[in-house]
Protein chains: 2
Amino acid sequence: MPRVGLNQQTVVREAARLADEVGFQQLTLAALASRLGVALPSLYKHVRGADALAQKLAALATAELATEMTTAAVGRSGGDALRAMADAYRDYAHRHPGRYPATQRVPDPADPEHVEAGERAVGAVAAVLRGYGLTGDDVVDATRALRSALHGFVTLEAAGGFGLPQDVDRSYHQLIASMDISFRSWPGTGR
Amino acid sequence: MPRVGLNQQTVVREAARLADEVGFQQLTLAALASRLGVALPSLYKHVRGADALAQKLAALATAELATEMTTAAVGRSGGDALRAMADAYRDYAHRHPGRYPATQRVPDPADPEHVEAGERAVGAVAAVLRGYGLTGDDVVDATRALRSALHGFVTLEAAGGFGLPQDVDRSYHQLIASMDISFRSWPGTGR
DNA sequence: CAATCTTGGCTAAGTGCCTTAGCTTTAAGG
DNA sequence: CCTTAAAGCTAAGGCACTTAGCCAAGATTG
């Protein structure tokens with residue numbers, strides 16, 4: 001049997017592609033193995049199991065998303081940065097419907113790259129918010145608020161939760177515009 | 001064998017309880033059957049299968065949530081109504097961690113009760129927003145925004161996505177306060 | 001009251017997926 | 001060339017869902 005020459009990198013990357021095609025929930029070791037041209041148990045030479053694969057996929061997707069968010073916001077500030085980052089966020093979710101859900105997995109403390117990716121993603125959001133003049137606990141509150149809004153919208157959209165025919169793009173931009181207003185006069189007490 | 005005397009009602013209700021105990025993802029026909037004291041295939045006399053059970057659970061949970069949201073907001077308006085409804089929403093998610101995820105399932109058009117429950121939930125949100133003077137497409141946009149914020153926050157919280165030690169209750173109330181500000185001067189063009 | 005019929009339970013069996021154990025063979029390195 | 005680590009493989013077990021088909025409990029009806 002000629003060896004296929006897999007390693008963890010190639011396995012996880014193909015898993016990401018497959019997830020985008022069939023959906024995160026439908027990502028299965030069986031499908032991945034057949035896609036890679038090996039028998040299912042062979043995958044265990046590269047990944048500890050299905051859950052570990054999901055974790056590695058999460059690390060990959062989180063890193064990608066963090067990079068795209070950061071890139072979008074670089075050189076901008078305030079509402080400009082906010083809009084650019086929000087658009088990048090939703091765009092990533094659209095382009096990678098299978099990877100996006102993986103980004104919500106809590107980083108595995110045992111995987112430094114995963115932890116670092118999570119920190120970069122949250123840090124990117126926080127940086128934009130500090131650009132609004134927010135400090136201290138207000139940054140934490142506002143970061144949580146923005147993450148909630150972005151994640152909630154993207155998730156509901158992906159689930160088909162917006163039944164009405166009204167333009168979803170418009171709704172998203174209105175949401176971001178309203179967050180912009182909120183951040184400019186954040187209700188917090190400061191510390 | 002003495003009959004246990006199940007019907008769809010009792011099965012779905014027990015599924016809801018079990019889901020709250022073990023989590024929505026861990027809700028399994030096997031566990032449900034053993035909990036009810038019957039063999040697994042017996043459940044098929046009352047429910048068409050695992051997916052149908054999830055759908056019925058969704059209908060139940062959505063109806064409960066809609067009722068609690070409506071009840072919380074009754075007799076209030078503006079920021080009062082918004083805060084009461086938002087608190088009821090998050091409170092439901094806390095009390096029913098297994099049912100809450102089910103509420104995000106898109107209502108099954110073939111299940112009138114499910115459809116009606118979904119309409120009640122969205123209608124409750126929309127009613128509060130109309131209390132802010134919003135009309136037309138603005139109501140749609142703002143409803144989507146509020147649902148996104150609530151769902152996103154609750155989901156991230158449940159997933160353990162808020163790593164920092166800062167008070168999560170406070171963050172939630174800040175989020176709601178910021179939405180209140182947004183709705184009072186909604187950025188929309190109106191129609 | 002007895003015969004009948006519906007129905008809610010059961011066992012048996014098949015599928016798909018994940019996982020572990022243990023073997024074989026490739027290909028790299030001394 | 002020989003050795004050996006690693007990358008494949010087959011075999012087998014576990015758990016979940018589903019379908020098929022049987023049987024008895026209990027309601028219905030004459």
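For the numbers below, each heavy atom of this structure counts, side chains included, while hydrogens, waters and symmetry mates do not. Quick note on labels: first sequence line is chain A, next is B, and so on, each numbered from 1.
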Integer-rounded Å distance: [N] [atom2] and [X] [atom1]:
{"X": "A:Leu32", "N": "D:dG8", "atom1": "CG", "atom2": "P", "value": "12 Å"}
{"X": "A:Gln8", "N": "D:dA6", "atom1": "CD", "atom2": "C1'", "value": "15 Å"}
{"X": "A:Leu29", "N": "C:dG16", "atom1": "CG", "atom2": "C1'", "value": "12 Å"}
{"X": "A:Leu6", "N": "C:dA27", "atom1": "CG", "atom2": "P", "value": "13 Å"}
{"X": "B:Gln25", "N": "C:dC17", "atom1": "CD", "atom2": "C1'", "value": "16 Å"}
{"X": "A:Leu53", "N": "C:dC17", "atom1": "CG", "atom2": "C1'", "value": "14 Å"}
{"X": "B:Asn7", "N": "C:dG8", "atom1": "CG", "atom2": "P", "value": "9 Å"}
{"X": "B:Leu43", "N": "C:dG9", "atom1": "CG", "atom2": "C1'", "value": "11 Å"}

Looking only at atom types and distance, does a side-chain atom of [X] sit under 3.5 Å from a main-chain N or O of [Y], one as donor and one as acceptor?
{"X": "A:Ser178", "Y": "A:Leu175", "answer": "yes"}
{"X": "B:Asp137", "Y": "B:Val140", "answer": "no"}
{"X": "B:Tyr172", "Y": "B:Ala86", "answer": "yes"}
{"X": "A:Thr155", "Y": "A:His151", "answer": "yes"}

Does A:Arg3 get its side chain close enough to the base of C:dA27, under 3.5 Å, for a donor-acceptor pair?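 Flag unset: no donor-acceptor pair detected.
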
It should be established whether [X] places a side-chain nitrogen or oxygen under 4.0 Å from OP1 or OP2 of nucleotide [N].
{"X": "B:His46", "N": "C:dT7", "value": "no"}
{"X": "B:Ser42", "N": "C:dC10", "value": "yes"}
{"X": "B:Thr28", "N": "D:dC15", "value": "no"}

If you check every side-chain atom of A:Ala50, which of C:dC18, C:dG9, D:dA16 has the closest atom?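 Of C:dC18, C:dG9, D:dA16, C:dC18 is nearest to the side chain of A:Ala50.
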
Quick one: which of D:dG8, C:dG9, D:dC17 gets closest to the side chain of A:Lys45?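 My answer, after comparing the listed nucleotides, is D:dG8.
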
Ring center gap for B:Phe24 and B:Tyr100 short of 6.0 angstrom: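 Ring centroids of B:Phe24 and B:Tyr100 are no less than 6.0 Å from each other.
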
Indicate, with a heavy-atom threshold strictly under 4.0 Å, whether B:Leu40 touches base, sugar-phosphate, or nothing. base

